[in-house]
Amino acid sequence: MERMDLKEHRSIAIDGPSGAGKSTLAKRLAKELGYRYVDTGAIYRTVALAALRAGVEPSDEKEVAALLPGLRVTLDYDGDGLQHMYLNGEDVTEAIRRNEVSGGASKAAAIPAVRAFLLETQRELARSFDVIMDGRDIGTVVLPDADVKIFLTASPEARAERRWKELLERGQSADRDQILKEVMERDARDTGRASAPLRRAEDAVLADTTELDFEGSFRLLLGMIRERLGGTPNE
Ligand code: DC
């Protein structure tokens, strides 16, 4: 029934809580393997941004669902392989990174209609390219037949610390305790929601990066991927 059975492309699913380093690692792994990196969080963020701009509370199921038919959420890749997000044709790649959009995204992502609305976009990408896709439900829902599934995690404190530094580097002021609180709230929402909650797929390999720096995490994941792809990644 699913065209996904006739797989022409390889797919690697990386799921885990926010701040575990999924996007930075997946980006670098994609470059190394010649795959396309798909940041699915950015897709949810784009819907949250649309809600905020419309003055709709992102957790309001009815109001957000009513917005969906009027939304065109698309993406493309620039010459450096970076994913750009578009909301009704406007490039919102920068705008979706703001802190208030992060909270909104995890609220909007709990709405089943939002998840259904974005599912096909994600699957279509995996049918079209070799992908490393990161998110919360890639290995469990979006690409249950992914060639490699990794569940990437780190302690909430380590993740909050990374997020804090990331915001400072972007020139946004941030309170470390507040970030930890937000990380824990998002974890609770992402794992506690009824629709496609964050959880490790049974066949996903666990990677805990609490004690690892970027290089160490990168080598760990590359090793896991090469082992599971049978040592034949793309050149
Ligand atoms: O990875 P991120 O922080 O950019 O994701 C933003 C929010 O979107 C996050 O709180 C959870 C949600 N999300 C999701 O529910 N499913 C995905 N596949 C990706 C993100």
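One-based numbering, in listed order, for ligands and for the atoms of each.
Contact annotation: R189 has no heavy atom less than 4.0 Å from any atom of ligand 1.
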Expected list for residues 60-69: side-chain donor-acceptor pairs under 3.5 angstrom, two or more places apart:
residue: D60; atom: OD1; partner: K62; partner atom: N; Å: 3.3
residue: D60; atom: OD1; partner: E63; partner atom: N; Å: 3.1

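For the atom pair CZ (F218) and OG1 (T209), the distance works out to 14.5 Å, reported to the nearest 0.5 Å. Note that OH of Y37 is 8.5 Å distant from CD1 of I14, once rounded to the nearest 0.5 Å.
For the pair R10 and Y35, the NZ or CZ position fails the cation-pi test of under 6.0 Å to the six-membered ring centre and within 45 degrees of the ring normal.
The proximity of R186 to ligand 1, defined as any non-hydrogen pair under 4.0 Å, is limited to the side chain. With a 4.0 Å cut-off on non-hydrogen atoms, R115 touches ligand 1 through its side chain and not its backbone. With a 4.0 Å heavy-atom cut-off, ligand 1 is reached by no atom of E185.
Shown in contact with R193 at under 4.0 Å from a heavy atom are these atoms of ligand 1, numbered in order with element: 14 (C), 15 (O). Remark: ligand 1 atoms within the under-4.0 Å shell around heavy atoms of G135 are 17 (C), 18 (N), 19 (C). Every atom of ligand 1 with a heavy atom of D190 under 4.0 Å away is listed here by number and element: 9 (C), 10 (O), 11 (C).
Considering T93, T46, T74, D76 in turn, D76 is the only one that fulfils the side-chain hydrogen bond (donor to acceptor under 3.5 Å, both in side chains) rule with Y86.
Counting heavy atoms only, S106 comes closest to atom 10 (O) of ligand 1 of the residues S18, G16, A105, S106. The residue from A110, A109, S195, G41 that puts a heavy atom closest to atom 20 (C) of ligand 1 is G41.
Using modelled atom types and a 3.5 Å distance limit, the side chains of S106 and R186 yield no donor-acceptor pair.
The distance criterion of under 3.5 Å between nitrogen or oxygen atoms is not met by Q122 with respect to ligand 1. Residue contacts with ligand 1: D137 is placed with a nitrogen or oxygen under 3.5 Å of a nitrogen or oxygen of the ligand (distance criterion only). Taking only nitrogen or oxygen atoms, main chain and side chain alike, R45 reaches within less than 3.5 Å of ligand 1. Annotation: T40 places an N or O atom under 3.5 Å from an N or O atom of ligand 1; distance criterion only.
Applying the side chain to side chain donor-acceptor pair (under 3.5 Å) definition to pairs two or more places apart or across chains, those involving residues 193-203 are K149-D203.
Put simply, the side chain of R163 does not reach to within 4.5 Å of the side chain of R159, judged on heavy atoms.
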